[in-house]
Participant: 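Here it is, the structure, as structure tokens.
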Amino acid sequence: MPVTESDHPSDDGGAPGAGAGPGALPADRLIAFYTDHRRDLPWREPGTTPWGVLVSEVMLQQTQVARVVPAYRQWIERWPTPPDLAAEPSGEAVRAWGRLGYPRRALRLHAAATAITDRHHGRVPDTVDELLTLPGVGEYTARAVAAFGYRRRAPVVDTNVLRVLSRATRGVDTRASATATDRRDLDRWLPQDPDTAATFSIAVMELGALLCTTGEPGCSQCPISDDCAWRAAGYPAAAAVRRQGAWAGSDRQVRGRIMAALRDAPAAVAEGELAAVWPDVQQWRRCLDSLLADGLAVRVDVGWIGLPG
DNA sequence: AACCCGTGGGT
DNA sequence: TACCCAAGGGT
């Protein structure tokens with residue numbers, strides 16, 4: 001594990017000093033860290049709507065912040081409200097998604113905009129339960145929108161928060177995905193005041209993104225290192241994760257090429273031309289069929305494939 | 001519950 | 001280089 005000596009001095013049990021205690025997640029210091037070191041991101045600007053928060057959260061699902069920023073700006077400028085997006089064909093959402101990856105997210109975001117328009121009068125719902133009914137909105141995103149969009153008190157646990165929670169309060173590292181237990185554990189540290197709770201959540205997330213990272217954590221700059229159970233335990237390594245399959249030659253690669261061809265074309269593409277993206281006809285056929293089944297592509301006519309209308 | 005789903009940056 | 005993995009969700 002890439003832990004530097006300078007960041008992790010093997011001190012001999014120095015006094016905890018003014019720490020809140022081993023395994024604590026002290027809100028005051030986390031919020032102070034956020035105040036001092038927060039990144040200026042477009043979805044954090046004053047005036048960001050709950051719809052803006054929802055769009056940013058969906059884009060950020062498994063996609064890095066730096067790649068999301070320009071896409072988010074263009075998306076919000078073009079579709080400032082859910083009805084604006086719902087009024088357009090879903091294929092336009094898929095095209096605007098560009099190369100963010102996992103284009104089903106674009107389809108689901110469009111479906112969410114439609115549901116918000118039809119069932120919620122065009123206003124993004126403000127309760128976790130209602131948000132959970134929206135396509136593409138899971139346990140994390142629902143709470144993120146409630147907390148960051150509406151300043152509700154909800155335990156927001158993404159991969160960053162889970163890493164901080166696990167390390168600081170349990171003394172172990174993890175690469176698992178968050179569970180209901182994790183949300184309950186975080187809730188213990190969540191300030192009661194809703195607005196402060198929302199700031200606390202984004203502060204923990206920011207700490208995980210900037211300092212308490214998977215790679216080389218910046219423990220020497222961490223505001224809660226004195227309370228960190230993981231540090232006290234000597235930075236034990238996380239359990240190994242199951243390797244993902246090879247990318248080259250995968251269905252995902254083939255699907256990606258087909259979608260890129262459809263996005264780059266102004267209108268429908270002849271199947272014969274589309275087949276040129278991959279030499280293995282069997283695999284190409286299987287992937288095209290899966291894209292049609294997913295609704296990411298449609299057969300607009302015999303032998304012609306396009307983005308959904 | 002394990003597996004699938006895109007793309008690209010970091011090392 | 002090859003591999004990890006990044007503000008997850010759906011099945």
Side-chain angles (χ1 to χ4, degrees), chain A residues 1-2 4 34 38-39 41-44 52-72 94 97-109 111-112 131-149 154-165 173-179 182-183 186 198 201-210 212-216 237-238 240-263 277 286-287 290-291 293-297:
Chain A
M1 190 188 44
T4 66
Y34 180 69
R38 67 187 290 268
R39 294 166 291 177
L41 301 172
W43 46 91
R44 290 177 179 172
V53 174
L54 174 58
V55 170
S56 71
E57 293 300 343
V58 174
M59 286 185 170
L60 287 162
Q61 291 168 4
Q62 301 290 283
T63 301
Q64 300 93 325
V65 167
R67 296 173 55 210
V68 165
V69 168
Y72 170 84
V94 173
W97 200 253
R99 306 189 65 81
L100 282 181
Y102 292 147
R104 290 189 289 193
R105 292 183 292 166
L107 219 49
R108 291 176 182 143
L109 190 52
L131 286 160
L132 281 172
T133 69
L134 299 175
V137 176
E139 302 286 356
Y140 162 74
T141 303
R143 288 173 178 79
V145 172
F148 309 143
V156 183
V157 184
D158 75 326
T159 180
N160 289 308
V161 173
L162 175 57
R163 191 168 53 250
V164 174
L165 178 72
D173 201 359
T174 178
R175 273 177 257 178
S177 47
T179 66
D182 300 321
R183 288 185 286 276
L186 183 71
S201 289
I202 198 65
V204 178
M205 199 177 303
E206 195 77 338
L207 183 76
L210 297 181
C212 195
T213 56
T214 305
E216 295 200 21
V241 290
R242 168 182 254 86
R243 272 198 53 198
Q244 182 174 285
W247 167 256
S250 67
D251 281 6
R252 296 160 85 167
Q253 182 181 26
V254 179
R255 284 168 55 105
R257 286 197 183 182
I258 293 174
M259 289 308 298
L262 293 177
R263 281 196 311 267
V277 304
R286 179 174 72 243
C287 289
S290 74
L291 290 171
D294 287 346
L296 281 166

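Throughout, protein chains are lettered first and strands after them, A, B, ... in sequence-line order, and every chain is numbered starting at 1. Hydrogens, waters and symmetry mates play no part in the numbers below; they use all other heavy atoms, side chains included. What you see is a predicted model, and the numbers here were worked out from it, not measured in a lab.
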Participant: Distance check needed: dT1(C) P versus W247(A) CH2, whole Å only.
Facilitator: 18 Å
Participant: Roughly, in whole Å, what's the span from CD in Q253(A) to P in dC5(B)?
Facilitator: 12 Å
Participant: Any heavy-atom pair between the side chains of T141(A) and L131(A) that's under 4.5 Å?
Facilitator: no
Participant: Can a salt bridge be assigned to the pair R286(A) and D251(A) using a cut-off of 4.0 Å between side-chain N and carboxylate O?
Facilitator: yes
Participant: Give D294(A) one of three labels, base, sugar-phosphate or nothing, depending on what nucleic acid heavy atoms sit under 4.0 Å from its own.
Facilitator: nothing
Participant: Taking the side chain as C-beta and beyond, is there a heavy-atom pair between L54(A) and W43(A) under 4.5 Å?
Facilitator: no
Participant: With a 3.5 Å distance limit and no angle check, can you tell me whether Q253(A) reaches the backbone of G249(A) through a side-chain donor-acceptor pair?
Facilitator: yes
Participant: Nearest-Å distance, CG (L107(A)) to P (dG6(B))?
Facilitator: 11 Å
Participant: For the pair E206(A) and R44(A), find out whether any cationic side-chain nitrogen is under 4.0 Å from an anionic carboxylate oxygen.
Facilitator: yes
Participant: State the dot-bracket string of DNA chain B. Criteria: Watson-Crick or G-U wobble, both atom distances under 3.5 angstrom; notation: ( ) intrastrand, [ ] crossing earlier pairs, | interstrand, . unpaired.
Facilitator: .||||.|||||
Participant: Does OP1 or OP2 of dG6(B) have a side-chain N or O of R99(A) closer than 4.0 Å?
Facilitator: no
Participant: When the P atoms of dC4(C) and dC3(B) are considered, how many whole Å apart are they?
Facilitator: 16 Å
Participant: Base contacts versus sugar-phosphate-only contacts with protein, heavy atoms under 4.0 Å: please encode nucleotides 3-11 of chain C as B, S and - from 5' to 3'.
Facilitator: -SSBBBSS-
